[in-house]
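My structure is below; once you've seen it, I'll send some questions.
Letters A, B, ... are given to chains in the order of the sequence lines, protein chains preceding strands, and every chain is numbered from 1. Remember, predicted model here, so these are calculated numbers, not experimental data.
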Amino acid sequence: MTTFDADGLTLHEVEANVWELERDDGMDVPARVFANEDLLEHIKDDRTLSQLRNVACMPGAVAPALCMPDGHQGYGFPVGGVAAFDAEDGCISPGGVGFDINCGVRMVKTNLTYEDVRGREEELVEALFDAVPCGLGGGGVHDGNHTDLEKALERGVDWCLEEGYAVREDLEHCEDEGMRPDADPDAVSKKAKDRGASQMGSLGSGNHFLEIQRVTDVYDDETADAFGLAEDQLVVLIHCGSRGLGHQVCSDYLRRIEQEHPEFLEELPDKDLAAAPAGSEVAEDYYGAMCAAINFAWVNRQLITHAVRETFADVFDASWQDLEMDLLYDVAHNIAKRETHDVYVTEDGYSLDGDGGRVERDLYVHRKGATRAFPAGHPEVPKAYRDVGQPVIIPGSMGAGSYVLKGGDGSLDRSFGSTAHGAGRLMSRTQAKDEYWGGDVADDLREQNEIYVKAASGSTIAEEAPGVYKDVDEVVGVSDDLGIGDLVVRTFPVCNVKG
DNA sequence: ATGTCC
């Protein structure tokens, strides 16, 4: 059997692109990495694998702890991690969701082609840059107050509909229809709300961006047709999260868990895993606050969508409806969710693939830097896509393509209905700033790739240089080979507004 | 990711 040694641990290749960390005495369940050997090389020297092993030791872990092909080391849990814990006697972990709650991405379609925008990239980017607040700090598309914020936290995109920032079809083309009903605004601190009120409809910083892209390749004609995507079509990708509000919710609950459950923390292999026992008051409060932050992030992306539609209408002198700027889909990348899954009880604990006795379990499924990828026929896939599978949007780096996949038939048996979320970082932000200078990166993109980039700060461009990321082609290739998310189309950047 | 430490 092929093995791969990394981070002081040994992986065994149990089938093509599936590497297992065998269960040792400390682990409740085995752990698995979905990757090829090139991708494994990238996690050889960081803490990804030991972090994944730690996740497999957590109370109530069900079936394997998983790392997607774009995985890398994170805070407590690896980014690219998928982990399910029993919702009755397991746990929920802010570290398993991440600081940027419901960081995610949506794709807005247009009926324009690359020819329509060619030569007007600078004009379009300047107009978008003026219309969508970006970078660190306050300011948003909607001049928020606390009354609006409460409604946004409670109702998500449904609030945008009432305010004229959304149409009914936007809700129908969003994961969870843009609203988590379990949201509990009372569980969100005043400090978090203060930060959120001034950031309603803002891009933020880091890897967040607004990008105009063109469809360059169609791999699956039938599904592309169902998604309304065709070669040469212009689309808009909006990638952002819950800004300071989500960050504050995460920080608040990490502190509360430390204060209220020190004995529970003590038993975890790493304090950064910071889980709350299922059923405890803090677990319920965190779930309610996290769901409110999820709603906030959806409102954020919807408000930006509104601003993008108005900007396109201005620049191209036509209404956004005439430009057919409909939402393809909006997916969350950093969330935990109560979901019911079929699992199988085996001698070794649990499996997902039908070996053993079937039981239905209520779980907290954590997707941290991972995308839900439900297959055709699943009741939570919107009606428009029920026959083909949900759209899965995977952004690449600034200089690389992005992909639209469809939820694969293998995703429920392999990964709790999940796949990768992006290219995945190769190096830290600090290291990136040593290796690159923002101005040079932007010049290279313009001269070599004809991609026009405008950013709030030069150092952000350096931190996000294409060379800082893995090869997204390899990431989606593994997803497609495993049948957890299947290739539909590839896009390539035309111009980009960076936070 | 993030008013990159209240």
Heavy atoms under 4.0 Å, any strand shown: does A:Glu463 hit a base, just sugar-phosphate, or nothing?
nothing

May I have the distance from A:Gln248 (atom CD) to B:dT4 (atom P), rounded to whole angstrom?
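For the pair A:Gln248 CD and B:dT4 P, the rounded distance is 11 Å.
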
N/O (side chain, A:Arg243) to phosphate O (OP1/OP2, B:dT2) under 4.0 Å:
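The answer is yes; a side-chain N or O of A:Arg243 sits under 4.0 Å from OP1 or OP2.
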
From CZ of A:Phe99 across to C1' of B:dT4 the rounded distance in Å is 11 Å

Once you round it to whole Å, what is the distance between P of B:dC5 and CZ of A:Arg255?
14 Å

Can you check the A:His247 NE2 to B:dT4 P distance for me, whole Å?
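For the pair A:His247 NE2 and B:dT4 P, the rounded distance is 9 Å.
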
Could you tell me how far apart A:Leu136 (CG) and B:dT2 (P) are, to the nearest whole angstrom?
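From A:Leu136 CG to B:dT2 P: 7 Å.
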
Nucleotide B:dT4, atom P - distance to CG of A:Asp100 in whole Å:
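Answer to the nearest Å: 15 Å.
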
Of A:Leu327, A:Ile212, A:Leu237, A:Leu210, the residue whose pairing with A:Val108 passes side-chain contact (heavy atoms from CB on, under 4.5 Å):
A:Leu327

Can you tell me the distance, in whole Å, between the OH atom of A:Tyr253 and the P atom of B:dT2?
20 Å

Below 3.5 Å, can you tabulate the donor-acceptor pairs from side chains in residues 52-72 of chain A to any protein atom, sequence neighbours excluded?
unit_1	atom_1	unit_2	atom_2	d
A:Arg53	NE	A:Asp24	OD2	2.8
A:Arg53	NH2	A:Asp24	OD1	3.0
A:Arg53	NH2	A:Asp24	OD2	3.3
A:Asn54	ND2	A:Ser50	O	3.4
A:Asp70	OD2	A:His421	N	3.0
A:Asp70	OD2	A:His421	ND1	2.6
A:Asp70	OD2	A:Gly422	N	3.0

Taking for each residue the nucleotide of DNA chain B with the nearest heavy atom, is it A:His208 or A:Lys433 whose nucleotide lies nearer the 5' end?
A:His208

Is any NZ, NE, NH1 or NH2 atom of the basic residue among A:Glu163 and A:Lys151 found under 4.0 Å from an Asp or Glu carboxylate oxygen of the other?
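No, no charged N to carboxylate O under 4.0 Å.
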
Which pairs would a plain distance check flag for residues 393-403 of chain A, meaning a side-chain donor or acceptor within less than 3.5 Å of a matching protein atom at least two apart in sequence or in another chain?
unit_1	atom_1	unit_2	atom_2	d
A:Ser402	OG	A:Gln213	NE2	3.1
A:Ser402	OG	A:Gly396	N	3.1
A:Tyr403	OH	A:Asp473	OD1	2.7

Considering every strand and a 4.0 Å limit on heavy-atom distances, what is the contact class for A:Gly241: base, sugar-phosphate, or nothing?
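No contact.
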
Using whole Å, report how far CG of A:Leu254 lies from C1' of B:dC6.
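A:Leu254 atom CG is separated from B:dC6 atom C1' by 17 Å.
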
At under 4.0 Å between heavy atoms, what does A:Ser242 touch on the DNA or RNA strands: base, sugar-phosphate, or nothing?
nothing

